[in-house]
Amino acid sequence: MIISAEATIAGVIGWPVNHSLSPRLHGYWLEHHGIDGAYVPLPVRPETFAEAVAALPSLGFAGANVTLPHKEAALGAVQSVDEMARRIGAANTITVETDGSLTGSNSDAFGFLENLRQGAPDWWATAGPAVVLGAGGAARAVVAALVDAGVTEVRLVNRTPERATKVANDIGGPITVQAWEDRSRALFDAALLVNTTSLGMRGKSPLDLDLDGLPPGAVVNDIVYTPLETPLLAAAKGRGNPVVDGLGMLLHQARPGFTAWFGTAPDVTADMRAFVLSGLG
Ligand code: ATR
C-alpha cells in the first residue's frame, strides 16, 4: 500500500529483528483496514536501545513493539509502565502518548489467553490445575494470565527450580513449584499443559515428557511455533487431547499495540493466520 506524508508510523525494535513476523502481521491489518500507516522493522543494538526509544516521539512514531533482547530494558526506557508489564518484568509494547511521553505495557499475557480461548473454547479456568513448563520471560506472561483468569492451581515446572520460585514470588497467586524430574507426574488431574520452554523448537532438543498421566480432556498448548505442530502437540493430538499451537499468541499479542497506534481494533482471522504462516518459510 502507498502511504502519504501523514501516515501513522510504528515498528518493532529488536536485535536481530530480521526474523520477526510482526511487520508482516501488522502489514496485513494495515492493508486489510485500508489504513494510511506503516509498521517497520527497527534493528537496534542493545547499546543504543534507550537512545532509540527516546527518539520515537521526535521521529513522529505512534509507538513500537519491543522484542528480544530488549523486553526487560524497555521498562527503564519509558516514563510509565503499566501494572502487567511491571509484574512480568518486561514490556513488549511502547506507546507515544499525546504529551510525547512513553508508556510501556505487556500484551503477552493477553495474547496467550486470547489464543487459548480462541483455540480451546471449551477450556475454562476452574476446570483443574494448569501445568506450565519453563520459567523464562514467556512463562512469566503465561503464569500471570492464568492466575488473573482465576486458575486455582498453577504447577510451575522448570529445570532450574530457583528461577521457577522467583517467577512464583514475582507474579504471586496459587503457584506451586515442582521439580523438573517430576514433570510427567505433575500432569495428573491437570486441565491444561503449556510448554514455554524452547524444547521441541526446530534445531533444539526434544521435550522429553510422558503424557500417560494427562487426562484425555486436558488442553495442550505449546508456545513454540517452529514447527507449528511440535512433537508435543502431535503426541497430544494422537491421544485425543485438544491442542492449541503457539502462533496465535504472537498474533493476539499484537492486537493492543495496533489498536493504540492505528486506532482500529483488528481481529485474528483464519485468513490473517494463513498470510502470516506463509511468511514462516
Ligand atoms: P524465554 O524468555 O523465551 O521464555 P528463556 O528465558 O531462555 O526464554 O527460557 C527458556 C526456558 O526453557 C527456561 O525455562 C529454560 O530452563 P532453565 O530456566 O532451567 O534454563 C528452558 N530450557 C531450555 N533448555 C532446556 C533443557 N535442555 N531442558 C530443560 N529446560 C530447558
Side-chain angles (χ1 to χ4, degrees), residues 12-17 19-22 46 49 65-75 84-93 104-113 115-116 130-147 154-171 175-187 192-211 220-228 230-233 235 244-254 280:
V12 54
I13 305 177
W15 186 263
V17 81
H19 292 299
S20 173
L21 287 171
S22 293
F49 174 71
N65 282 124
V66 176
T67 188
L68 295 176
H70 303 310
K71 285 186 181 188
E72 287 83 14
L75 294 183
M84 184 59 99
R86 196 172 299 286
R87 234 164 113 214
I88 294 175
N92 70 343
T93 307
S105 52
N106 193 309
S107 61
D108 284 333
F110 169 85
F112 163 76
L113 203 63
N115 182 41
L116 184 62
V131 177
V132 177
L133 305 179
R140 289 176 160 265
V142 168
V143 170
L146 292 173
V147 168
V154 177
R155 297 175 182 157
L156 190 55
V157 190
N158 194 50
R159 175 180 60 181
T160 310
E162 296 78 15
R163 266 188 111 191
T165 303
K166 173 131 179 47
V167 172
N169 291 337
D170 289 352
I171 306 293
I175 307 163
T176 57
V177 172
Q178 305 208 3
W180 183 247
E181 296 68 39
D182 295 337
R183 60 194 177 281
S184 296
R185 267 193 296 279
L187 304 179
L192 175 68
L193 166 65
V194 186
N195 173 47
T196 77
T197 73
S198 48
L199 299 170
M201 195 183 282
R202 195 168 287 139
K204 300 271 164 99
S205 322
L207 169 64
D208 179 14
L209 184 68
D210 179 356
L211 295 180
V220 179
N221 173 216
D222 202 330
I223 68 156
V224 170
Y225 57 83
T226 51
L228 195 58
T230 60
L232 170 65
L233 294 183
V244 180
D245 69 52
L247 183 67
M249 180 173 171
L250 174 78
L251 305 182
H252 284 281
Q253 65 75 34
L280 263 178

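Side-chain atoms are counted along with the backbone in the values below, which use heavy atoms only and exclude waters and symmetry mates. Numbering of ligands and ligand atoms starts at 1, following listing order.
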Check step by step if side chain to side chain contact (heavy atoms under 4.5 Å, CB included) holds for Leu75 and Arg86.
CA-CA 8 Å; Leu75 294 183; Arg86 196 172 299 286; 5.9 Å; no
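- To the nearest 0.5 Å, atoms CD1 (Ile13) and CG (Leu68) are separated by 13.5 Å.
- Ligand 1 has no nitrogen or oxygen under 3.5 angstrom from a nitrogen or oxygen of Gly134.
- For the side-chain hydrogen bond (donor to acceptor under 3.5 Å, both in side chains) with Gln253, the qualifying choice from Asn106, Asn92, Thr93 is Asn92, the only one to do so.
- The nearest protein heavy atom to atom 10 (C) of ligand 1 is not closer than 4.0 Å.
- Note: an N/O pair closer than 3.5 Å links Ala138 and ligand 1 by distance alone.
- Leu232 pairs with exactly one of Leu211, Val224, Asn221 by the side chain to side chain contact (heavy atoms under 4.5 Å, CB included) rule, that one being Leu211.
- Here Thr197 has heavy atoms under 4.0 Å from ligand 1 in both its backbone and its side chain.
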Any chance you could lay out the side-chain hydrogen bond (donor to acceptor under 3.5 Å, both in side chains) test for Asp222 and Thr230, step after step, and finish with the verdict?
CA-CA 7 Å; Asp222 202 330; Thr230 60; 2.7 Å; yes
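- Annotation: atom 26 (C) of ligand 1 to nearest protein heavy atom, Arg159 NH1, 3.2 Å.
- Other residues, nucleotides and ligands place no more than 12 heavy atoms under 6.0 Å from the CG atom of Asp208.
- In this structure, the side-chain contact (heavy atoms from CB on, under 4.5 Å) partners of Thr197, at least two apart in sequence or on a different chain, are Leu133, Trp180, Asn195, Leu199.
- Residue-ligand proximity: Ser205 is placed with every non-hydrogen atom at 4.0 Å or more from ligand 1.
- Within a 4.0 Å radius of atom 3 (O) of ligand 1, the protein contributes no heavy atom.
- Looking only at protein heavy atoms, the nearest one to atom 19 (O) of ligand 1 is Thr160 OG1, 2.5 Å.
- Considering only non-hydrogen protein atoms, atom 1 (P) of ligand 1 sits nearest to Gly137 N, 3.6 Å.
- In the vicinity of Gly136, heavy-atom distances shorter than 4.0 Å reach the ligand 1 atoms 2 (O), 4 (O), 6 (O), 9 (O), 14 (O).
- Close N/O approach between Trp180 and ligand 1 is not found [any backbone or side-chain N/O within under 3.5 Å].
- The shortest contact between atom 23 (C) of ligand 1 and any protein heavy atom is with Ser198 OG, 3.5 Å.
- Contacts of Leu133 with ligand 1, taken as heavy-atom pairs under 4.0 Å, are absent altogether.
- When the ring pair (Phe, Tyr, Trp, His ring centres under 6.0 Å) test is applied to Phe49, the partners found at least two apart in sequence or on another chain are His70.
- For atom 13 (C) of ligand 1, the closest non-hydrogen atom on the protein side is Arg163 NH1, 3.6 Å.
- Polar contact check, Ala135 against ligand 1: a nitrogen or oxygen pair lies under 3.5 Å apart.
- Residues Arg183 and Arg155 form no side-chain contact, since every pair of their non-hydrogen atoms from C-beta on lies 4.5 Å or further apart.
- Distance check: Leu156 CG to Leu146 CG gives 10.5 Å after rounding to the nearest 0.5 Å.
- In this structure, atom 14 (O) of ligand 1 lies nearest to the protein heavy atom Asn158 OD1, 2.6 Å.
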